[in-house]
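All heavy atoms count here, side chains included; hydrogens, waters and symmetry mates do not.
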Amino acid sequence: MPLPFKEHPLRHQLVTELHARTYIPLQAPARLSHIAAVCGERGSGRTMRHLYELLEHYGVPRPERVEQYYLVHLGDIRLLWERHTEFVSYTFSLPGAFAHPFANPVIAQLPADWLAGIPGEVVAAVSLALEPAGEAEYSLDELSALFGGNPVIGSEVVGGLARAYSDLHIHSDGFSRILLRDQGLSPNQAGRLAKRLLEVSSYRAMALLGLPPAREANACLSDAERRLVAVSSRMACQEDRSHEVPESELLAELTDLAAEIEAVAARTSYRFEASRAYYSVVMQRLEQLRQRRIEGLQTLTEFLDARLTPAIATCESTAKRQQGLAERAARLTSLLRARVEVELQKQNRGLLESMNKRAKLQLRLQETVEGLSVIAIGYYGVGLLGYLFKGLEAHGLPFMFDATYATGLAAPLVVLIAWLGIRRMKARLLKSEHANV
């Protein structure tokens, strides 16, 4: 049926985005294996091909289109595939009783060659076990034994409908461990709770990816700051000329230093911004857990806040430090450029004064040459007229014609004509020059 209105081209996409982060409904007992692999923003093609290989292995028809998530049955196993900005996550769930929560993970039933070929690099791998309600509660020693003897953190979650335990360590099988004790969860509540805990693990790891670059950047920035202080001190010495250094050398050093600082910022700015975004998601998911303290245990929020928050603070302080150093380098560069320009203006003013003096001297010489030219042209003109008058006198024309007297009378007139001609030619040249300018 045609719509009675014009639809926005992104309307369906916007509604689909609301359901992009789905979950697997769970009924205790059940186990899950979760993997998050960093493949970059352009790695979707490889991850899609790898997903299709798994579907072909289990005889599942290839879907026409896969958006941000894909939920499918692989025999008894359910797979939730999700594509994020930088990484792809795989969550495999298997219902059924188990003797030990982490002894036989779900992922062990998948093809080994397919697991080895997962595109990208695995940044989070978690085994989660959901135990049914009614079973005897573990003592602290028993909990520690389940987690390889490590200290355990945990809390009541979802308003007391479940208990969540973890040690946030990587065990010998390469997986972290999360234990959920059902105390009245519905299948949907259990699915959402498991998803939030798994997202905390994935986003926590992604947030911490900014810490190693921050530490490396701080070492580079410390060296850059030391060099910046040295250049600033050398610029100060220029004021009293006691340790004069060529300003072009200082400017070149400052330019190189500013370029190094910008290079560090270019390598790390995206990572720091991503770490802040992932940290926000982690804290949001922890808040959604609605935790209550279990006597003798540190809550998940307390543990992560004590360790994750300083790491993100390091990233933020490093980003601010980069920006501050870049601004200081830019200010020093501007100051030094201003000083160089002032020196250049002084040199140019001296050069212009010298050129002005030379121009005045050339003008005087030119005027002298013009006077000599008038005399020379007049001399040659009078001489030509003398030859003319002598020829006329020799032929007796006109009557009683005296060549010497006529030449004397014509001399001033010839000089005047030569002077006027040179002035007129000079005026034309000046007019032509002004017109070209």
If you measure only the distance, is there a donor-acceptor pair under 3.5 Å linking the side chains of Gln189 and Tyr23?
-> no

Distance-only criterion, 3.5 Å: show the donor-acceptor pairs between side-chain atoms of residues 88-96 and protein atoms not counting sequence neighbours.
residue: Ser89; atom: OG; partner: His84; partner atom: NE2; Å: 3.3
residue: Thr91; atom: OG1; partner: His34; partner atom: ND1; Å: 2.8

Given side chain to side chain contact (heavy atoms under 4.5 Å, CB included), test Arg204 with Leu208 step by step and report yes or no.
-> CA-CA 6 Å; Arg204 168 185 57 83; Leu208 287 173; 4.3 Å; yes

Side-chain contact, heavy-atom cut-off 4.5 Å: Val157 with Gln291?
-> yes

Would a distance-only check, ignoring hydrogens and angles, find a side-chain to backbone donor-acceptor pair under 3.5 Å from Arg163 to Asp182?
-> no

Under 3.5 Å side-chain donor-acceptor pair for Thr301 and Asp305 = no

Between Glu86 (side chain) and Cys39 (backbone), is there a donor-acceptor pair under 3.5 Å?
-> no

Considering residues, nucleotides and ligands other than Glu53, do more than 12 of their heavy atoms fall under 6.0 Å from its CD?
-> yes

Exceeds 12 heavy-atom contacts within 6.0 angstrom, atom CG of Leu71 | yes

Taking side chain as C-beta onward, heavy atoms only, is Arg83 less than 4.5 Å from Tyr69?
-> no

CD1 on Ile178 to CG on Leu197, rounded to 0.5 Å | 5.0 Å

Would you check, one step at a time, whether the test side chain to side chain contact (heavy atoms under 4.5 Å, CB included) holds for Arg293 with Ser155?
-> CA-CA 5 Å; Arg293 180 179 300 278; Ser155 58; over 6 Å; no

Rounded to the nearest 0.5 angstrom, the OH-CG distance for Tyr70 and Leu51 is 7.0 Å

Taking the side chain as C-beta and beyond, is there a heavy-atom pair between Pro25 and Arg78 under 4.5 Å?
-> yes

Are Glu56 and Arg62 within salt-bridge range, i.e. N to O under 4.0 Å?
-> yes

Does the His8 side chain pair with the main chain of Leu10, one donor and one acceptor, at a distance under 3.5 Å?
-> yes

Verify the neighbour count for atom CG of Asn348: are there more than 12 heavy atoms of other residues, nucleotides or ligands below 6.0 Å?
-> yes

Carboxylate-amine/guanidinium contact Arg196 Glu199, below 4.0 Å | no

Apply ring-ring contact (aromatic ring centres under 6.0 Å, His included) to Phe147 and Phe102, showing your working.
-> CA-CA 9 Å; Phe147 290 93; Phe102 310 112; 5.6 Å; yes

Atom CD of Glu225 and atom CZ of Arg321: how far apart are they, to the nearest 0.5 Å?
-> 5.0 Å

Report yes if some heavy atom in the side chain of Tyr58 is under 4.5 Å from a heavy atom in the side chain of Pro111; otherwise report no.
-> yes

Under 3.5 Å: donor-acceptor pair, side chain of Ser275, backbone of Ala207 = yes

Distance from Glu137 atom CD to Leu143 atom CG, nearest 0.5 Å?
-> 7.0 Å

Student check: side-chain heavy atoms of Glu260 and Arg227 closer than 4.5 Å = yes

Heavy-atom side-chain proximity of Tyr52 to Val66 below 4.5 angstrom = yes

Just do the side chain to side chain donor-acceptor pair (under 3.5 Å) check on Tyr203 and Ser280 with the steps written out, would you?
-> CA-CA 9 Å; Tyr203 287 119; Ser280 298; over 6 Å; no

Does Glu142 reach the main-chain N or O of Ser139 with its side chain, forming a donor-acceptor pair under 3.5 Å?
-> yes

Using a 4.5 Å cut-off on heavy atoms from C-beta on, say whether the side chain of Leu54 contacts that of Trp81.
-> no

Contact summary for Gly154 and Ile294, nearest pair of heavy atoms = C-CD1, 4.2 Å

Between the side chains of Ser202 and Tyr278, does any donor sit under 3.5 Å from an acceptor?
-> no

Step by step, would you call Leu26 with Leu32 a side chain to side chain contact (heavy atoms under 4.5 Å, CB included)?
-> CA-CA 10 Å; Leu26 298 174; Leu32 292 84; 3.7 Å; yes

Pair up each side-chain donor or acceptor in residues 115-133 with any protein partner under 3.5 Å, not counting sequence neighbours, and list the distances.
residue: Glu131; atom: OE1; partner: Tyr138; partner atom: OH; Å: 3.4
residue: Glu131; atom: OE1; partner: Arg181; partner atom: NE; Å: 2.9
residue: Glu131; atom: OE2; partner: Tyr138; partner atom: OH; Å: 2.6

Between atom CG of Leu257 and atom CG of Leu332, what is the distance when rounded to the nearest 0.5 Å?
-> 9.0 Å

Side chain to side chain contact (heavy atoms under 4.5 Å, CB included) evaluation trace for Ile153 with Thr299 | CA-CA 6 Å; Ile153 60 175; Thr299 66; over 6 Å; no

With no hydrogens and no angle check, is any side-chain donor or acceptor of Ser33 less than 3.5 Å from a backbone partner on Pro105?
-> no

Might you confirm whether atom CD of Glu216 has over 12 heavy atoms from other residues, nucleotides or ligands at distances under 6.0 Å?
-> no

Within a radius of less than 6.0 Å around CZ of Arg215, do more than 12 heavy atoms belonging to other residues, nucleotides or ligands occur?
-> no

Has the side chain of Arg177 got a donor or acceptor atom that lies under 3.5 Å from a matching backbone atom of Leu146?
-> yes

Given side chains that start at C-beta, do those of Glu82 and Lys195 come closer than 4.5 Å, heavy atoms only?
-> yes

What pair of heavy atoms forms the shortest contact from Leu209 to Pro212, and how long is it?
-> O-CD, 3.6 Å

Residue pair Gln322 / Ala265: nearest heavy atoms and the distance that separates them | NE2-CA, 3.5 Å

Is it true that a side-chain atom of His169 and a backbone atom of Asp167 form a donor plus acceptor pair closer than 3.5 Å?
-> yes

What are the two closest non-hydrogen atoms of Leu55 and Pro61, and how far apart are they?
-> CD1-O, 4.4 Å

N/O donor-acceptor pair under 3.5 Å between Ser317 side chain and Thr314 backbone = yes

Compare every heavy atom of Ala224 with every heavy atom of Ile261, then report the nearest pair and how far apart it is.
-> CG1-CB, 4.0 Å

Enter the distance from Gln288:CD to Leu193:CG here, rounded to the nearest 0.5 Å.
-> 11.0 Å

Counting only N and O atoms by type, is there a donor-acceptor contact under 3.5 Å from the side chain of Trp114 to the main-chain atoms of His50?
-> yes

